[in-house]
Peer 1: 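Pasting in a structure now, in structure tokens, and then I'll have a few things to ask.
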Amino acid sequence: MWRALRGRGWRCLHHASIQVTNEPILEFKPGSPERAALQKALAELKGRTEAIPCVVGGEEVWTSAVRYQLSPFNHAHKVAKFCYADKDLINKAINAAVAARKEWDLKPIQDRAQIFLKAADMLSGPRRAELLAKTMVGQGKTVIQAEIDAAAELIDFFRFNAKYALELEGKQPLSVEASTNSMVYRGLEGFVAAVSPFNFTAIGGNLAGAPALMGNVVLWKPSDAALLSSYAVYRILLEAGLPPNVIQFVPADGPVFGDAVTSSEHFCGLNFTGSVPTFKRLWKQVSENLDRYRNFPRLAGECGGKNFHLVHSSADVSSVVNSTLRSAFEYGGQKCSACSRLYAPRSLWPQIKAKLLEETKKIKVGDSFARIKKWLEHAKTSPNLSILTGGSCDDSVGYFVEPCIVESQDPTDPIMKEEIFGPILTVYVYPEERFREVLELIDTTTPYGLTGAVFAQERNVIEEAQSHLRNAAGNFYINDKSTGAVVAQQPFGGSRISEQTRRQSKLLCSPPHLRYASEFPIFS
Ligand code: NAD
């Protein structure tokens, strides 16, 4: 019989189910305990370089390929010293993981879930400030951006994953008089490679954690630019009871890691979040190595986006402006779901433009750079493009890019098609009567299909956009910004080349922004 400790954000109902709620987002008001704890954690990191080893076979290992993670807003601060695992060490990690697989996979799901629930409680309480501070200093996030990522989202991932895993176990086939049937949910036979991006602390923890929860053994390759926070998450999992060899912590040069894991006969899964080119490269390598494998590897890839806000002439201007600014420029536009294409009707454009420019000027420039600089050059030199605000950048102390709004006369200019992953928003102003053509344009301009939003107050317009753009986004928002999905409320994922695993489209809306919400059964 499994006994669960009662945590802060979850409650044991019976052996196969727990009740889970989303982690509250703290406000860090002056005088609040969370603010004091965070200030203390930030002070402890000041000028400090943490030494982060590879962790293979349960041991801390150093190689001669030493690297540093620099704070993006102050290059002089080396926040972490780490080393790259070479091919031999990666192979050692594979062997250690595979050797640990059987015992871990045979553990009851309740025991495995307990570890992740405990880690969530540690993150929710005593370790919250440490992880927030490491995410802020290492990945250049503001307090609130760190809070919604490294605290709220990661805690939610661990708790909801545990809940869903337990419920899955409860789903069993029919038993009849002559036979008792049971479904055994077992881990994959081999190891899973978890490869995480720089921009979300929560994603790394989830990419490595979710397969482990389901009975798999994992090699986790964190991003060089998120080492400090990734290692903190790893330590917390170990302290919460994760046995040493279930997740091997393997910082490495991307291609060296990719080449080594995809050429192992034991490779059985890839849990990847990052750019399309990296995922395509890995996919090709897997197909080239198919004859080596003991299983057909499962490949899951959450990739980039070229997300849109489509504004109809019936839209509420202030809602469009607020949502677009937040989506395009929060965290310097470095969210996969950030809005980077705005389609505005000619009649509303003067009002939208005036407010957008006024509000953009108030944004305090943080950090966030060579790739973005290239796009700024393109915007300055292309005859189709005019920069309405912003356009400068500076990397003398850290990576600073001014939020930039560009107007394009050509809806097929590369700036409307390719992912930039920085604070650049491009606007295409269309004549109202060509709304249908704009729907088609949005649908066909890029190969991506991650997120998108429509802003309108007319029901038929929303329905038309929703049906025409059915495959243009995984997460589709109505009168709300294209970013900000919450675990278990708006499960995140794309379509087309933005995601490999799921193909369903989700309809999301934020009722306060939706004037006719109650009339729409689709929103309930
Ligand atoms: P990236 O593709 O450059 O790197 C992702 C990870 O892959 C890193 O750990 C990197 O070291 C590793 N890598 C690089 N080459 C590799 C190889 N050959 N083999 C194995 N691993 C390799 O992406 P990034 O710059 O870290 O992150 C930004 C990208 O991630 C953007 O495209 C963004 O849209 C996407 N992203 C998507 C989501 C989503 O949920 N869809 C979420 C966050 C980020």
Side-chain angles (χ1 to χ4, degrees), residues 67 69 72 82 84-85 87 90 138-141 145 149 153 157 192-208 210 219-227 229-230 249-264 267 270-286 288-289 299-307 331-340 368-372 399 418-422 446-452 473-475 482-485 487 490-502 506:
R67 298 284 183 279
Q69 180 190 347
F82 65 100
Y84 276 163
K87 192 175 164 201
I90 296 167
Q139 285 135 274
K141 295 205 172 194
Q145 293 301 315
D149 164 16
E153 189 166 83
F157 276 144
V192 172
V195 180
S196 51
F198 80 91
N199 65 336
F200 269 79
T201 301
I203 292 178
N206 190 40
L207 289 177
L219 263 67
W220 178 10
K221 195 210 90 55
S223 167
D224 295 2
L227 248 296
S229 62
S230 301
F249 189 77
V250 203
D253 172 66
V256 170
F257 182 83
D259 295 356
V261 293
T262 56
S263 57
S264 163
F267 176 72
L270 173 68
N271 209 15
F272 173 85
T273 298
S275 64
V276 168
T278 308
F279 189 53
K280 280 190 175 174
R281 179 188 156 116
L282 286 161
W283 183 293
K284 284 180 191 153
Q285 285 180 307
V286 170
E288 280 158 15
N289 287 325
L299 308 180
E302 286 278 359
C303 300
K306 186 70 186 173
N307 314 300
Y331 191 36
Q334 299 172 115
K335 294 185 187 180
C336 53
S337 53
C339 172
S340 90
S368 87
F369 192 81
R371 187 187 65 249
I372 301 171
Y399 296 128
E418 294 174 35
E419 187 180 42
I420 299 174
F421 223 59
T446 90
Y448 292 105
L450 196 55
T451 73
N475 282 29
S482 62
T483 53
V487 175
Q490 299 104 11
F492 193 77
S495 58
R496 298 182 177 156
I497 66 164
S498 291
E499 183 182 301
Q500 138 65 9
T501 38
R502 284 170 293 185
K506 283 143 278 176

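Note that ligands are numbered from 1 as they come in the structure, with each ligand's atoms numbered from 1 the same way.
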Peer 1: Under a strict 4.0 Å criterion on non-hydrogen atoms, which protein residues are in contact with ligand 1?
Peer 2: V195, S196, P197, F198, N199, I203, K221, P222, S223, G254, P255, G258, F272, T273, G274, S275, T278, R281, L282, E302, C303, G304, C336, E419, F421, L450, F492

Peer 1: Among E153, K141, Q139, find the one that has a side-chain hydrogen bond (donor to acceptor under 3.5 Å, both in side chains) with T201.
Peer 2: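 Passing option: Q139.
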
Peer 1: Using a strict threshold of under 4.0 Å (side-chain N to carboxylate O), is an ion pair present between R67 and D224?
Peer 2: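 Salt bridge absent between D224 and R67.
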
Peer 1: Hydrogens and angles aside, do N307 and Y448 bring a side-chain donor and acceptor to less than 3.5 Å of each other?
Peer 2: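 Judged by distance alone, the side chains do not pair up.
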
Peer 1: Under 3.5 Å, which donor-acceptor pairs do the side chains of residues 272-280 form with other protein atoms, sequence neighbours left out?
Peer 2:
| unit_1 | atom_1 | unit_2 | atom_2 | d |
| --- | --- | --- | --- | --- |
| S275 | OG | T278 | OG1 | 3.0 |

Peer 1: Cation-pi check, K221 to Y84: give yes when NZ or CZ is under 6.0 Å from the six-membered ring centre and within 45° of the ring axis, no otherwise.
Peer 2: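 Negative - K221 is either too far from the ring of Y84 or too far off its axis.
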
Peer 1: Is P447 close to R496 at the side-chain level, that is, under 4.5 Å between some pair of heavy atoms?
Peer 2: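 SC-SC contact between R496 and P447 ruled out.
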
